[in-house]
Amino acid sequence: QTSRQRLKVVHFSLSLSLYIKEEDKPEQKEPLKPRNLTLLFQSQHNRERREKEASFEVMAGLNDDVSVDIEEISNGGKEHHVKTCHGLVSVVVYGDQEKPALITYPDVALNYLSCFQGLFLCPEAVSLLLHNFCIYHISPPGHEFGAAPVCSTDPSPSVEDLADQILEVLNFFRLESVMCMGITAGAYILSLFAIKHKDRVLGLILISPLCKAPSWSEWFYYKVVSNLLYYYGMSGLLKDRFLQRYFSKEARGSSEVPERDVVHECRRLLGERHGVSLRRFLEAINRRHDITDGLRSLKCRTLIFVGDQSPFHSETLHMVAALDRKNSALVEVQACGSMVTEEQPHAMLIPMEFFFMGFGLYRPGRVSDSPTSPLSPSCISPELLSPESLGLKLKPIKTRVPTKC
């Protein structure tokens, strides 16, 4: 009789800082199938366009009771153009609108597909998220696919205006309270929204978030980037600068090693951005103010991911220190840049699953077209359950009091 493998998760600070430990490691009679190994621990994105479309078609199943400016888009979601006091906002909806809502907000120069596709292309993540939520992908003004050029004479929105747009989107869809997921600049906007409207936010999932006002060097750097966008558009040089913001050095490659497919695809999508729209969002983030004091008043549960090579790693640690330790948790992902959702989405699955358990939400028993969910411990090779293999940097905690001699 083979011994069973146990996965112990120790919750500390009443949150989800995870300590994963193996006991009774069994002998692996049959090697893990390459297919499941790829689904769980693929670090490089070998994605083709047809795979994206096929995966997102799984996410369809939407209601038709919509009233304003809706159009089908190629990947299976429905796009709504919501009129707000600060212009139209594109919202792409996936799932059953009777379920609880999860809203997403991307980083500068990106939209939902270039920010969250890596996470949502994981069958385990699709199963976990769409089983529990209807997903509302909010794009910054002018960042959606097929966006019309913005008039350069229109007033640029502030971060306060962008946060207020989220409230108008929630009111349009008649959403009471929502789960929020944002990356870097998007994480800042959602955090600001949570501070201003605490009763409308159930929880926050933030990836490499911002919370402080920009330093002088950061402000000057992105001021130069903004001016280059104005005069030259999205040149190859600026694409490289943005990719440094998003990805680790290993993912971006070198003269000897080619950049990963996910970086190549992101580079292509950056070329589709309108310079005026990008500058407006970039300038709004470059004028952001410090929200550290407001974070101390947040009571919603918060799960934060950050890559250890993210340029915003130190700012993320500052944010974690400001949040209530009883309601927040940090997962540091090794060998990863800012966009954990794209570079190492597998590292997010188990922490998110336990995070959602705190809200009474669970992953369904099976993932479609897979006989056993790869998240099930019985299907995972024991050596792959170590924190190092999961890409997590976890701090051990003492579980025993030393006895006196």
Side-chain angles (χ1 to χ4, degrees), residues 81-91 103-112 115 136-144 147-172 178 180-201 204 206-230 242 245 273-298 312 315 318-319 322 338:
H81 289 111
V82 181
K83 187 176 181 180
T84 72
C85 294
H86 306 288
L88 288 176
V89 175
S90 170
V91 184
I103 65 173
T104 72
Y105 210 100
D107 192 16
V108 169
L110 303 175
N111 55 33
Y112 77 96
C115 245
Y136 296 79
H137 292 297
I138 302 175
S139 293
H143 282 60
E144 66 274 15
V150 178
C151 181
S152 58
T153 59
D154 291 345
S156 297
S158 65
V159 289
E160 300 283 347
D161 296 334
L162 296 174
D164 291 341
Q165 282 184 331
I166 295 176
L167 179 63
E168 294 186 70
V169 168
L170 266 57
N171 291 339
F172 173 79
V178 297
C180 300
M181 179 185 295
I183 298 182
T184 312
Y188 178 92
I189 300 297
L190 292 177
S191 300
L192 179 59
F193 172 76
I195 292 170
K196 297 178 68 174
H197 306 283
K198 297 180 177 63
D199 58 326
R200 305 299 291 270
V201 177
L204 292 169
L206 307 177
I207 299 97
S208 305
L210 305 173
C211 66
K212 298 190 293 184
S215 63
W216 184 90
S217 58
E218 180 188 347
W219 177 89
F220 182 78
Y221 178 84
Y222 284 107
K223 191 66 176 177
V224 172
V225 169
S226 179
N227 289 335
L228 290 175
L229 278 169
Y230 179 80
F242 280 110
R245 175 186 176 99
R273 297 279 78 80
H274 292 299
V276 175
S277 301
L278 200 163
R279 285 181 62 242
R280 286 158 59 88
F281 188 24
L282 183 61
E283 289 174 356
I285 295 300
N286 218 23
R287 298 194 304 267
R288 69 184 186 271
H289 55 274
D290 194 315
I291 58 173
T292 302
D293 291 339
L295 292 173
R296 296 189 175 97
S297 66
L298 282 181
F312 310 104
E315 186 156 349
H318 172 83
M319 183 175 189
S338 296

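We're numbering straight along the sequence, starting at 1. Bear in mind that the values here come from a model prediction, so they are computed numbers and not experimental data.
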Test item: [X] side-chain N/O and [Y] main-chain N/O as donor-acceptor pair under 3.5 Å:
X: S226; Y: R279; value: no
X: R273; Y: L110; value: no
X: S191; Y: A187; value: yes

Closest contact, heavy atoms only, [X] versus [Y]:
X: E315; Y: C211; result: OE2-N, 2.8 Å
X: V108; Y: A185; result: CG2-CB, 3.8 Å
X: S139; Y: V89; result: O-CG1, 3.8 Å
X: S156; Y: E283; result: OG-OE1, 4.1 Å

*Plane angle bin for H137 and Y112 - parallel if under 30°, tilted between 30 and 60°, otherwise perpendicular*: parallel

*Considering residues at least two apart in sequence or located in another chain, which fulfil the side chain to side chain donor-acceptor pair (under 3.5 Å) criterion with D161?*
H86, S158

Taking ring-ring contact (aromatic ring centres under 6.0 Å, His included) as the definition, give me every residue that meets it alongside [X], ordered by chain and number, with sequence neighbours left out.
X: Y221; result: none
X: F193; result: H197
X: F312; result: none

Spacing of [atom1] belonging to [X] relative to [atom2] belonging to [Y], to within rounding of 0.5 Å:
X: L170; Y: E168; atom1: CG; atom2: CD; value: 11.0 Å
X: S338; Y: I207; atom1: OG; atom2: CD1; value: 10.5 Å
X: H143; Y: N111; atom1: NE2; atom2: CG; value: 8.0 Å
X: L192; Y: L295; atom1: CG; atom2: CG; value: 9.5 Å
X: S297; Y: I291; atom1: OG; atom2: CD1; value: 10.0 Å
X: L190; Y: I166; atom1: CG; atom2: CD1; value: 4.5 Å

*Pairs where residues 208-225 contributes a residue and the test salt bridge (charged side-chain N to carboxylate O under 4.0 Å, His left out) is met, not counting sequence neighbours*: E218-R288

Residue pair [X] / [Y], side-chain heavy-atom distance below 4.5 Å:
X: I138; Y: Q165; result: no
X: L162; Y: F281; result: yes
X: Y105; Y: P140; result: yes

_Worked check of side-chain contact (heavy atoms from CB on, under 4.5 Å) between I285 and L210_ = CA-CA 10 Å; I285 295 300; L210 305 173; 4.1 Å; yes

_What verdict does the side-chain contact (heavy atoms from CB on, under 4.5 Å) test give for L278 and F242, after you've listed the backbone C-alpha separation in whole Å, the side-chain angles of each residue and the deciding distance to 0.1 Å?_
CA-CA 12 Å; L278 200 163; F242 280 110; 3.7 Å; yes

*Check side chain to side chain contact (heavy atoms under 4.5 Å, CB included) between L228 and all other residues, then give those that pass, not counting sequence neighbours.*
V224, Y232, L238

